[in-house]
Amino acid sequence: MNSSLTGGVVMVSRKKVCVIGAGVSGLAAAKAFAARGHQITVIERSGDLGGVWEPARSYPEVQTQSPKDLYCYTDKAMPDSYPEWPKGPQVHAYLTEYAKDNDLLGAIRINTAVVQMDRRPDSAPGWRLELRGPDGGISHEDFDFVAVCTGQFNEPQTLSLPGEDTFKAQGGRILHSSQYNDPMIAKGRKLVVLGGSKSATDIAVNAVNSGAAEVTLVYREPVWRIPYFIGGLVNFKRILYIRAQEEMFRSWGIGAMSRFAHAVAKPLVWANWRGLESLLKVQLKLGKCDMVPNERIEDGVNCSVPIATPGFFPMVADGRIKAIRGSFERYDGKSIVMTGGQRVEADVAVLAIGYKLGVPFLPQAYRDRLIDPDGQYRLYRLIANPDLPEMGFVGFNSSFCTVLCADLAANWLVRYADGQLARQPTPREMRDNIEMMLHFKRVERPAAGVYGGLCVAPYHFKHFDELMADIGVSGRRANPLVEKFTPPDAAAYGRFLASAPAYRAA
């Protein structure tokens with residue numbers, strides 16, 4: 001990396017940077033690169049910014065799974081007027097305001113998609129992108145660096161089953177959950193939702209409240225769900241988003257003393273989790289709903305643990321929502337036949353089955369360097385791969401602290417791209433660390449392998465600590481005891497970032 005010193009400030013070469021995606025992560029990356037003086041272009045294939053929070057993609061009554069102080073950028077709190085768990089339109093307004101605050105709107109090209117990308121043909125560092133514009137025309141553009149910010153909720157999963165053409169011909173509708181954007185879809189109709197995520201339970205509850213004739217939820221296995229207030233009193237962030245709870249999980253790279261401490265504390269940790277399970281069984285009436293999970297709660301803590309939709313379990317308990325274990329096997333006329341043989345009449349089938357994780361515009365040879373055959377991603381700090389030069393990923397480090405994760409990753413990535421990390425890793429160091437982390441996810445904690453191994457939870461603080469140390473921040477929370485028992489503080493991380501060595505691109 002070419003750099004010089006001007007007036008006591010390190011100067012680096014200015015780059016032409018492409019940010020793919022204008023959601024939470026894309027805005028974070030665009031702001032981080034622009035703030036250092038780089039020229040940015042943001043490519044967004046839909047008609048608005050916001051990603052999953054774009055109004056056209058949001059289902060009715062959608063709201064964050066995380067409290068607003070865990071779902072914000074380091075330099076912009078959500079408005080005081082927002083509720084603890086903001087609704088979709090409020091999040092979209094917040095993101096739009098963030099883009100305006102940082103002069104990003106002019107850099108966003110909406111209705112533009114990346115068709116393909118490859119190394120620049122002139123052998124210069126960087127990538128050539130093939131772009132499809134709003135009119136369908138194809139163009140090519142070269143960039144010095146590419147930040148992939150498409151995230152994990154990009155391309156909806158599909159499910160093709162026998163009989164669906166006849167089902168549609170008789171007036172039935174089959175929608176992905178991202179297409180359930182109007183409560184009138186459910187009114188007066190028999191609606192069947194496939195899936196066990198929060199979006200599935202949210203849509204089921206919305207359908208009941210919207211006047212659906214019948215609502216059925218079809219799910220594979222019961223999973224632990226966390227209510228917004230545990231015991232009806234304590235905000236879950238004060239129990240599950242603190243260092244003290246995180247330290248109950250054995251993490252990667254620990255020494256013999258830490259392993260010994262975990263072995264000694266094992267009975268107390270076991271009692272902690274059994275107590276939480278008992279509390280959740282009573283509070284959510286899991287026994288009455290026949291939805292008690294078989295898995296221990298601590299064995300499955302990761303980014304796939306959903307928040308309990310308010311009203312869902314009471315509706316299952318009193319029959320307003322019929323819950324069936326299994327999956328769709330086929331459509332038969334105006335009915336859906338389940339894998340267990342149950343037959344349910346339906347007017348609307350909503351497939352809340354998630355999204356495809358991948359980077360389809362990256363050539364296969366590069367995808368093979370990025371993704372192992374078992375689907376695990378080879379990313380150092382969940383951000384960069386030493387075999388994919390002039391490229392990084394923001395927002396792939398997923399968690400319930402999505403915005404904070406993206407913000408910190410973006411600040412790490414721009415310094416990595418400019419060679420300005422305090423602990424700038426060598427390719428060998430990156431590869432060794434990737435192998436260590438893959439072993440941890442495959443052998444020591446398989447739950448960490450969900451979503452291609454890109455889930456930060458439950459190790460938020462350790463992940464943030466690594467990023468902050470790499471960046472070279474000098475700040476820390478004043479009181480270690482307070483930090484141990486309080487959730488992550490986005491504003492505090494903003495102050496830490498401000499303490500890192502300054503530099504500019506010119």
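Computed from a predicted model, the values in this text were never measured in an experiment.
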[atom1] of [X]: more than 12 outside heavy atoms within 6.0 angstrom?
X      : atom1 : value
Lys334 : NZ    : yes
Arg367 : CZ    : yes
Glu345 : CD    : no

Tell me yes or no: between the side chains of [X] and [Y], is some donor less than 3.5 Å from an acceptor?
X      : Y      : answer
Ser46  : Glu54  : yes
Tyr331 : Gln170 : no
Lys462 : Ser251 : yes
Ser66  : Thr64  : no
Asn411 : Asp407 : yes
Tyr366 : Asn385 : no

Task: Audit row: Lys356, Thr158, side-chain contact (heavy atoms from CB on, under 4.5 Å) steps and yes/no - done: CA-CA 9 Å; Lys356 300 174 185 176; Thr158 58; 4.3 Å; yes
Partner set under ring-ring contact (aromatic ring centres under 6.0 Å, His included) for [X], not counting sequence neighbours:
X      : result
Phe249 : Trp273
Phe229 : Trp85
Phe440 : Trp252, Tyr459

Who are the side chain to side chain donor-acceptor pair (under 3.5 Å) partners of [X], not counting sequence neighbours?
X      : value
Lys441 : none
Asn102 : none
Trp412 : Asp470

TODO: Answer yes if the ring centres of Phe33 and Phe145 are under 6.0 angstrom apart, and no otherwise.
DONE: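 For Phe33 and Phe145, the ring centres are under 6.0 Å apart.
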Open item on the list: Less than 6.0 angstrom separating the ring centers of Tyr355 and His176, yes or no?
Closed with: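 Yes - the distance between ring centres of Tyr355 and His176 falls below the 6.0 Å cut-off.
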